[in-house]
Protein chains: 2
Amino acid sequence: MAGVSQTTVSLVLNGRAEGEVRISPETRDRVLQVIRETGYVADPAARRLVERRNRIYGVFTYEAVFPAESADFYHPFLVGIEECAEEAGCDLLLFTSAKVEQGERRRIFSAESRIRLADGCVLLGRTIDRDDLSRLLSEGIPFVSVGRRDDAGGPVPYVGADYPPAVRALVGRAAALGHRRMAYVGSGQGPESYADRLRGFTEGVAAAPGVEGVHLTSADGLFDAGATVVFAEELADGAAIAEVARARGLDVPRDLSIVALGAPTRPVSTDIDFAGFRIPRREMGRRAVELLTHVLEHGGAPQELLACELVEGSTLAPPAQR
Amino acid sequence: MAGVSQTTVSLVLNGRAEGEVRISPETRDRVLQVIRETGYVADPAARRLVERRNRIYGVFTYEAVFPAESADFYHPFLVGIEECAEEAGCDLLLFTSAKVEQGERRRIFSAESRIRLADGCVLLGRTIDRDDLSRLLSEGIPFVSVGRRDDAGGPVPYVGADYPPAVRALVGRAAALGHRRMAYVGSGQGPESYADRLRGFTEGVAAAPGVEGVHLTSADGLFDAGATVVFAEELADGAAIAEVARARGLDVPRDLSIVALGAPTRPVSTDIDFAGFRIPRREMGRRAVELLTHVLEHGGAPQELLACELVEGSTLAPPAQR
DNA sequence: TAGCTGAAGTAATCCGTATTAGCAGATTCG
DNA sequence: CGAATCTGCTAATACGGATTACTTCAGCTA
């Protein structure tokens, strides 16, 4: 349509006409005009084949992104990811095709995996398969995880929430209010985020003179433990504990303080305004895309932790007088 | 590694060795063995290049998809779209790069439009630019609109909600309860969905003997119109009317019945359980993807309307006795 | 006028896969 | 015994775009 060769179109399309290669302004404008009229776009697969960038960032989640159950969890991350992708002029590819058998979760590397269609990939999820991670690393696929991940045959690029200092600070607050016996309820293992919270708790207790800490994997023995404040690994745990406490005639926070280490911004089946912290999810999403761009350009495995802002809430108060 | 040509590997990999093309079992096993050992996977980009299909479906919205303001509106559609794309083995491309100047809305055909990256496209939005639609049609870009659209230089493929029968049925219900003077509040034009609702109202009134209908573009003159039931074009309108009615000392539904023709499933700033109908958004999303697949394979411009389920609610009752 | 230079653009090649036509050797047919 | 058929495999090519080496032509120099 512009009366030029495929080569020329390619050169114009990629702005190479300004540098070493010479294309006259007239020709260039003619080509650009036709491109504009037709909305021509280079085929991403072909481009990809020649090993160049697509301006497509993939987003991988093990579960569906949109359904209501997980929506509240993923949503803030996606807002940030979308914002930043928009600024970077990139499109987002949701790997919805990565399904396997009914009932199974998605896998990054299925036989039909199209992860390589994207320039790079943002990984989202509470836990991410270790094998998947190490394979991503060993195959050199650019990616950034949202959420800290332990090494998987090498350092994993991530942007996570910095739980330990936040939890330590909360333990410190509780100590300052006079609490001397504190409980952590939750597994403290599995996802890195749980381990980080427990670690923060342990460190916080160790740093507070005269404070005793106990780790319970479930709320069962909680009320026999004599704790005046409980740190719940998840907001849901906190809600459950509050429920039981009330059933036993205990007042929160007069008789028992509760600190929720989950995501207080999330609307759960409780309207208690828990003390805790805010996970900067939107910022994490944004930063993940920024880091991905960086990885694509310079390589490496950047790791960043973003601070969690403490939330005052109404469930942390001085312990009742004996 | 297996001592065979690339062709043979391809044939074995795709199971073509059983049919027309012949590969000896020994050779085949040898190749499979090497594939197993190396974890070889065909490059999806190259594969797509040959297939001339990327298995990417685009999702275009005029506003950002994820931000909280629009989330409630788009979310159910996206659930359906994602579900169905997953079943179809396709990835979703969100046109996040279609940004223009700050403050402006996205455009399908910007100078930088990347719509052709996708095999086809699902369009989402209350209103869609007529020029965009007719250009999509004239350029033969496969797409399906979520929401009915008037012709734009040709029939537009869509899956919409079937408002007229739903509104007619609601008018019928009101008539059966004894209402004789009914008002429709809303523009009745602009988006096709508004026009369809007003049309349903008009038809419903015409079909109900002894019933008078009046169309008001705003709620201003409502209380002078003498209507005992009001059909609000949007849920928000309904909420506003209820507010004003209460301020005037009117009881809903004793003194005034209100039917909301919007989306009662949406959590708005009201907790009134309006009478109205449920827009089958999730199903619309699903069906849109199914239709898009159909369009890609067979062409055409399928048009479908899905029924809205009536919602009883608590705002429609017999009119007060004079 | 031969020789050189720079500007503008293009033919040829490659990326990794799927597909098709075809080839060499063995077997069967007439 | 030559021709046809079958068997098992591969060379060549297409897909769409990026890159590189090269061609062509005009203008300039000595």
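Each chain gets a letter, A, B and so on, in the order the sequences are listed, and its residues count up from 1.
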Fill in: Contact nearer the 5' end of DNA chain C, comparing A:Gly3 with A:Arg22
A:Arg22
Atom-pair distance ([atom1] on [X]; [atom2] on [N]), nearest Å:
X        : N      : atom1 : atom2 : answer
B:Arg116 : D:dG17 : CZ    : P     : 12 Å
B:Gln6   : D:dT13 : CD    : C1'   : 11 Å
B:Arg55  : D:dC15 : CZ    : P     : 19 Å
A:Leu49  : C:dG16 : CG    : C1'   : 5 Å
A:Arg16  : C:dA8  : CZ    : P     : 16 Å
B:Asp119 : D:dG16 : CG    : P     : 13 Å
B:Arg53  : D:dG16 : CZ    : C1'   : 18 Å
B:Leu11  : D:dG8  : CG    : C1'   : 11 Å

Does [N] have its OP1 or OP2 closer than 4.0 Å to a side-chain nitrogen or oxygen of [X]?
X       : N      : value
B:Tyr40 : C:dG16 : no
B:Arg47 : C:dA18 : yes
B:Thr7  : C:dA18 : no
B:Thr8  : D:dC9  : no
A:Asn14 : D:dG17 : no

[X] bridged to [Y] by N-O distance under 4.0 Å:
X        : Y        : answer
B:Glu83  : B:Arg286 : yes
B:Arg135 : B:Asp129 : no
B:Asp151 : B:Arg149 : no
A:Arg55  : A:Asp119 : no

Quick one: label [X] by what it contacts on the DNA or RNA (base, sugar-phosphate, nothing), any heavy atom closer than 4.0 Å.
X       : result
B:Ser24 : sugar-phosphate
A:Val4  : sugar-phosphate
B:Glu51 : nothing

Response to the item:
Between A:Ala42 and B:Thr27, whichever has its closest DNA chain D nucleotide further toward 5' is B:Thr27
Item to complete: Let me know, please, whether B:Pro25 or B:Arg52 comes out on the 5' side of the other along DNA chain D by nearest nucleotide.
Response: B:Pro25
[X] side chain: which of [options] is closest?
X       : options                : answer
A:Ile23 : C:dG9, D:dA18, C:dG16  : C:dG9
A:Asp43 : C:dT17, D:dG17, D:dA18 : D:dG17
B:Ser5  : D:dG17, D:dA11, C:dT19 : D:dA11

Item to complete: Please lay out, stage by stage, how A:Leu13 and A:Val31 fare under the test side chain to side chain contact (heavy atoms under 4.5 Å, CB included).
Response: CA-CA 9 Å; A:Leu13 202 58; A:Val31 173; over 6 Å; no
Item to complete: Please state whether the rings of A:Tyr62 and A:Phe60 are parallel, tilted or perpendicular, taking 30° and 60° as the class boundaries.
Response: perpendicular
